[in-house]
Number of protein chains: 2
Amino acid sequence: MPQFLPEQLEDIRSVFSDFLKKKNLRQTPERFKVFDEVYASDDHFDADELFVRLKAKEINVSRATVYNSLELLMECNLVVRHQFGNKQAKYERSFRYWQHDHLICEDCNEIHEFCDPRIQAIQEMVSEIFEFEITHHSLQMFGHCRRDNCPNRH
Amino acid sequence: MPQFLPEQLEDIRSVFSDFLKKKNLRQTPERFKVFDEVYASDDHFDADELFVRLKAKEINVSRATVYNSLELLMECNLVVRHQFGNKQAKYERSFRYWQHDHLICEDCNEIHEFCDPRIQAIQEMVSEIFEFEITHHSLQMFGHCRRDNCPNRH
DNA sequence: TTACCTGCAAACTATTTGCAGTACT
DNA sequence: AGTACTGCAAATAGTTTGCAGGTAA
């Protein structure tokens, strides 16, 4: 996932800001601290990781507020949540980074991203056959990477 | 998913039985009660649902044993577990019913199954590109069905 | 000023674990 | 007979909720 330039970040920040305004929600510093931390990271993280990262920077935002803010960021499509099979949800920023799926090594939990247009085609076909309006999908492939230093290597 | 004939069921039951024997695990009545209930149902259920179904038939098996037995049934490929985004896992029987994916209505939670060979092709390509040995995948499509009586219809 | 928001801790939900007694093999 | 298994209840993990202040608008 690419890193954003400062001015792009400013634009994305205002997407969040506008969303809050439109919904008559408050622009609290905590919400923007969560936003900043999310958009400073370019990986997949869980809610607690985000909480810890903030704490490490001596930014004190409660866990409850982290969850609340992630929820809002998901509502305005700046964050997506994934359920990779473990019990805790993983999040990632998603501004202009819609369609991609995940490949996960079950030995070292490394996550790779891929994108294949055939998935879109399958989606359209399934949509037609079942007469569904499909809004999104979730595809993960699991297996074993072949890195030499992968722990518990298969 | 098809229902099984009594003699097929007997064969599948012996797959479980043989598995337990090979692993030096005990053939307890509780384990077979769980097996029977799983193979009597042709839908997607969670652990608690199975527990309740057994209870309704006055078959008393503890929740802990339900989880334990489902784990064993997964080990011998008679059951698969799915994480559909909600926090509780869904299970379904999987004897000779390997490759299929799921389409889920977010309004009524109805689950449909589909199968598309292109997914296999994508899997092979991803496997090659990332040098992974892919063991399995998990694909769900989410959306809105168009049934008239779908609650909270979109 | 006035709700909405935050932080805290308690509640909750799904699942796992520890332990004493039970029952396969 | 011996040890794995069961049921129960308590522990755990991730997330949500209730409530008493705090604060954006």
Side-chain angles (χ1 to χ4, degrees), chain A residues 13-14 16-38 44-55 58-76 79-91 109, chain B residues 13 16-38 44-55 58-76 79-92 109:
Chain A
R13 213 171 202 274
S14 72
F16 188 33
S17 180
D18 292 350
F19 166 81
L20 293 174
K21 229 169 272 168
K22 199 188 311 173
K23 281 246 182 178
N24 276 320
L25 298 171
R26 293 186 181 164
Q27 320 237 139
T28 68
E30 289 80 5
R31 287 175 176 169
F32 285 100
K33 284 172 191 165
V34 170
F35 168 87
D36 288 342
E37 190 55 38
V38 167
H44 301 80
F45 51 86
D46 60 53
D48 203 62
E49 262 165 28
L50 196 65
F51 172 76
V52 169
R53 286 179 195 177
L54 286 163
K55 180 131 284 182
E58 305 198 7
I59 297 172
N60 288 306
V61 176
S62 73
R63 238 175 279 262
T65 299
V66 167
Y67 279 104
N68 170 326
S69 303
L70 284 173
E71 201 66 42
L72 294 172
L73 288 166
M74 284 169 59
E75 267 188 69
C76 57
V79 164
V80 279
R81 174 164 57 198
H82 303 288
Q83 207 72 46
F84 285 149
N86 324 330
K87 54 196 71 178
Q88 25 53 304
K90 292 279 185 187
Y91 299 84
N109 295 312
Chain B
R13 213 171 202 276
F16 188 32
S17 180
D18 291 350
F19 166 81
L20 293 173
K21 229 169 272 167
K22 199 188 310 175
K23 281 247 182 178
N24 276 321
L25 298 172
R26 291 184 182 168
Q27 321 238 139
T28 68
E30 288 81 5
R31 287 174 176 170
F32 285 100
K33 284 171 191 167
V34 171
F35 168 87
D36 289 340
E37 190 55 38
V38 167
H44 301 79
F45 52 85
D46 60 52
D48 203 62
E49 263 165 27
L50 195 66
F51 172 76
V52 169
R53 285 180 196 177
L54 287 163
K55 180 131 283 183
E58 304 197 8
I59 297 172
N60 288 306
V61 176
S62 73
R63 239 175 278 264
T65 299
V66 168
Y67 278 104
N68 170 327
S69 304
L70 285 173
E71 201 66 43
L72 294 172
L73 287 166
M74 284 169 58
E75 268 187 69
C76 57
V79 164
V80 279
R81 175 165 57 196
H82 303 288
Q83 208 72 46
F84 284 149
N86 325 330
K87 53 196 71 177
Q88 27 50 307
K90 293 278 185 185
Y91 299 83
E92 69 177 324
N109 294 311

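Quick note on labels: first sequence line is chain A, next is B, and so on, each numbered from 1.
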- Closest-nucleotide ordering on DNA chain C, the 5'-leading residue of B:Arg81 and A:Val61: A:Val61

- Item | 5' precedence on DNA chain C between A:Lys87 and A:Pro29 (nearest-nucleotide basis) | A:Pro29

- On the 0 to 90° scale, with breaks at 30° and 60°, tag the B:Phe84-B:His82 ring pair as parallel, tilted or perpendicular. parallel

- Message: In terms of relative ring orientation, are A:Phe16 and A:Phe19 parallel, tilted or perpendicular, with 30° and 60° separating the classes?
- Response: parallel

Could you tell me whether [X] contacts a base, only the sugar-phosphate backbone, or nothing, with contacts defined as non-hydrogen atoms closer than 4.0 Å?
X       : value
A:Asn60 : sugar-phosphate
B:Asn68 : sugar-phosphate
A:Asp48 : nothing

Tell me the interatomic distance from [X], atom [atom1], to [N], atom [atom2], rounded to whole angstroms.
X       : N      : atom1 : atom2 : result
A:Phe45 : D:dG14 : CZ    : P     : 16 Å
B:Ile59 : D:dG7  : CD1   : C1'   : 17 Å
A:Phe51 : D:dA13 : CZ    : C1'   : 15 Å
B:Leu20 : C:dC24 : CG    : P     : 14 Å
B:Gln88 : C:dA14 : CD    : C1'   : 8 Å
A:Lys21 : D:dA25 : NZ    : C1'   : 12 Å
A:Lys33 : D:dA24 : NZ    : P     : 10 Å
B:Asn24 : D:dA4  : CG    : C1'   : 11 Å

- Query: Distance check: side-chain N/O of A:Thr28 vs OP1/OP2 of C:dT6, anything under 4.0 Å?
  - Reply: yes

- Item | Distance below 4.0 Å between A:Tyr67 side-chain N/O and D:dT15 OP1 or OP2 | yes

- Under 3.5 Å side-chain donor-acceptor pair for A:Glu30 and A:Ser69: no

- Item | A:Val66 versus A:Ala47, closest heavy-atom pair with distance | CG1-O, 3.8 Å

- Message: Using heavy-atom distances to pick each residue's nearest nucleotide on DNA chain D, tell me which of A:Arg63 and B:Arg63 is more 5'.
- Response: B:Arg63

- Query: With respect to the side chain of A:Thr65, which nucleotide from D:dT15, C:dG7, D:dG7 is positioned closest?
  - Reply: C:dG7

- Look at the side chain of B:Arg31 and decide which nucleotide, out of C:dC5, D:dT6, C:dT16, has an atom nearest to it. D:dT6

- Message: Once rounded to the nearest 0.5 Å, what's the spacing between atom CZ of A:Arg81 and atom CG of A:Asp46?
- Response: 12.5 Å

- Message: So for A:Arg26 and D:dA25, does any side-chain atom that can act as donor or acceptor lie under 3.5 Å from a complementary atom in the base?
- Response: no

